[in-house]
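First comes the structure, then the notes that go with it.
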Amino acid sequence: MLDLTIYKTRYYEVKIDENLIIHLEMPKKKQLKTIMSLTKSLNGDMLTENDIDSLYEASLIAFNKNKEGKTFTEDEIEEILGFNSLYAFFDGYYSWVAENINQKN
């Protein structure tokens, strides 16, 4: 029998400020494909304005799937994530997603 309860729901904690930590949930397949598509330029040498918009759009999708049920706006995400922290976010986020996908029984 396959027991799906053995796979614990894990969260990616993001500390936004001293008083707010959100717990991002694992993206569903469709969300992950969208996020990956929007961030394909992340390792590129030259980012265009559209690439930057796509990165923020992808982070909005990731941030809005959270345990707390908080909904962020594009403006809030831009305020929270400066360009350097945007890269750091995706570096950690993709590592966390990969870790959860590779979770053993």
Side-chain angles (χ1 to χ4, degrees):
M1 173 175 85
L2 174 62
D3 182 4
L4 296 177
T5 62
I6 64 171
Y7 296 102
K8 295 180 182 176
T9 303
R10 297 183 183 168
Y11 301 99
Y12 185 61
E13 288 188 352
V14 178
K15 184 175 183 179
I16 295 176
D17 63 32
E18 292 302 316
N19 301 317
L20 181 59
I21 296 175
I22 60 167
H23 300 83
L24 303 186
E25 299 174 342
M26 276 294 292
K28 301 287 186 195
K29 179 182 176 182
K30 185 176 180 180
Q31 291 169 322
L32 183 57
K33 288 173 87 173
T34 301
I35 290 169
M36 290 176 73
S37 174
L38 289 167
T39 60
K40 64 185 174 200
S41 65
L42 198 57
N43 295 322
D45 293 335
M46 300 272 299
L47 291 177
T48 67
E49 190 173 320
N50 287 338
D51 294 334
I52 294 168
D53 290 342
S54 293
L55 293 175
Y56 278 102
E57 184 179 343
S59 62
L60 182 63
I61 293 167
F63 269 67
N64 279 335
K65 185 159 177 43
N66 62 74
K67 177 181 172 184
E68 291 75 17
K70 180 165 175 47
T71 302
F72 292 90
T73 65
E74 287 181 39
D75 289 339
E76 288 173 320
I77 292 297
E78 288 177 13
E79 189 175 312
I80 292 167
L81 293 173
F83 205 65
N84 289 339
S85 58
L86 184 66
Y87 270 91
F89 168 73
F90 280 113
D91 186 42
Y93 183 75
Y94 277 134
S95 295
W96 171 76
V97 168
E99 203 175 277
N100 278 280
I101 289 172
N102 294 327
Q103 180 179 342
K104 302 267 187 219
N105 290 348

Mark yes when over 12 heavy atoms from residues, nucleotides or ligands other than [X] sit less than 6.0 Å from its [atom1]; otherwise mark no.
| X | atom1 | value |
| --- | --- | --- |
| Glu76 | CD | yes |
| Glu68 | CD | yes |
| Asn84 | CG | no |

(message) Please find the pair of heavy atoms, one from Val97 and one from Pro27, that lie closest to each other, and give the distance.
(response)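 What the structure gives for the nearest pair is CG2-CD, 4.1 Å.
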(message) Minimum heavy-atom separation for Ile77 and Leu60, please, with both atom names.
(response)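 Looks like CG1-CD1, 3.5 Å.
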(message) Phe63: which residues meet the ring pair (Phe, Tyr, Trp, His ring centres under 6.0 Å) condition with it, sequence neighbours left out?
(response)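 For Phe63 the ring pair (Phe, Tyr, Trp, His ring centres under 6.0 Å) partners, ignoring immediate neighbours, are Phe72, Phe89.
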(request) Go through the side-chain N and O atoms of Asp51 and Ser54 and say whether any donor and acceptor fall under 3.5 Å apart. (result)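 No, no side-chain donor-acceptor contact under 3.5 Å.
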(message) Let's go through Met26 and Tyr12 carefully: what are the C-alpha distance in whole Å and the side-chain angles of both, what is the deciding distance for side-chain contact (heavy atoms from CB on, under 4.5 Å) to 0.1 Å, and is it a yes or a no?
(response) CA-CA 8 Å; Met26 276 294 292; Tyr12 185 61; over 6 Å; no
Check whether any side-chain N or O of [X] sits under 3.5 Å from a backbone N or O of [Y] as a donor-acceptor pair, and report yes or no.
| X | Y | result |
| --- | --- | --- |
| Tyr56 | Leu81 | yes |
| Asp91 | Tyr87 | no |
| Ser37 | Lys33 | no |

[atom1] of [X] to [atom2] of [Y]: how many Å apart, nearest 0.5 Å?
| X | Y | atom1 | atom2 | answer |
| --- | --- | --- | --- | --- |
| Asn64 | Ser59 | CG | OG | 9.5 Å |
| Ile61 | Leu32 | CD1 | CG | 10.5 Å |
| Glu57 | Thr39 | CD | OG1 | 11.0 Å |
| Tyr11 | Ile22 | OH | CD1 | 12.5 Å |

(message) Are Ile21 and Ile80 linked, directly or through intermediate hydrophobic residues, by side-chain heavy-atom contacts shorter than 4.5 Å (ILVMFWY only)?
(response)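 No; Ile21 is not reachable from Ile80 via cluster members.
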(message) Is there a path of hydrophobic side-chain contacts, each under 4.5 Å between heavy atoms of I/L/V/M/F/W/Y residues, joining Ile52 to Tyr93?
(response)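 In one cluster with Tyr93: Ile52, yes.
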(request) For residues 23-47, pull every pair meeting ring-ring contact (aromatic ring centres under 6.0 Å, His included), keeping only residues two or more places apart or in separate chains. (result)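 Applying ring-ring contact (aromatic ring centres under 6.0 Å, His included) to every pair that reaches into residues 23-47, excluding sequence neighbours, yields nothing.
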(message) Testing Lys65, Lys70, Lys67 one by one against Glu25 for a salt bridge (charged side-chain N to carboxylate O under 4.0 Å, His left out), which residue passes?
(response)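 Answer after filtering Lys65, Lys70, Lys67: Lys65.
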(request) With side-chain contact (heavy atoms from CB on, under 4.5 Å) as the test, would you mind laying out the steps for Val14 and Asn66 before giving the verdict? (result) CA-CA 10 Å; Val14 178; Asn66 62 74; over 6 Å; no
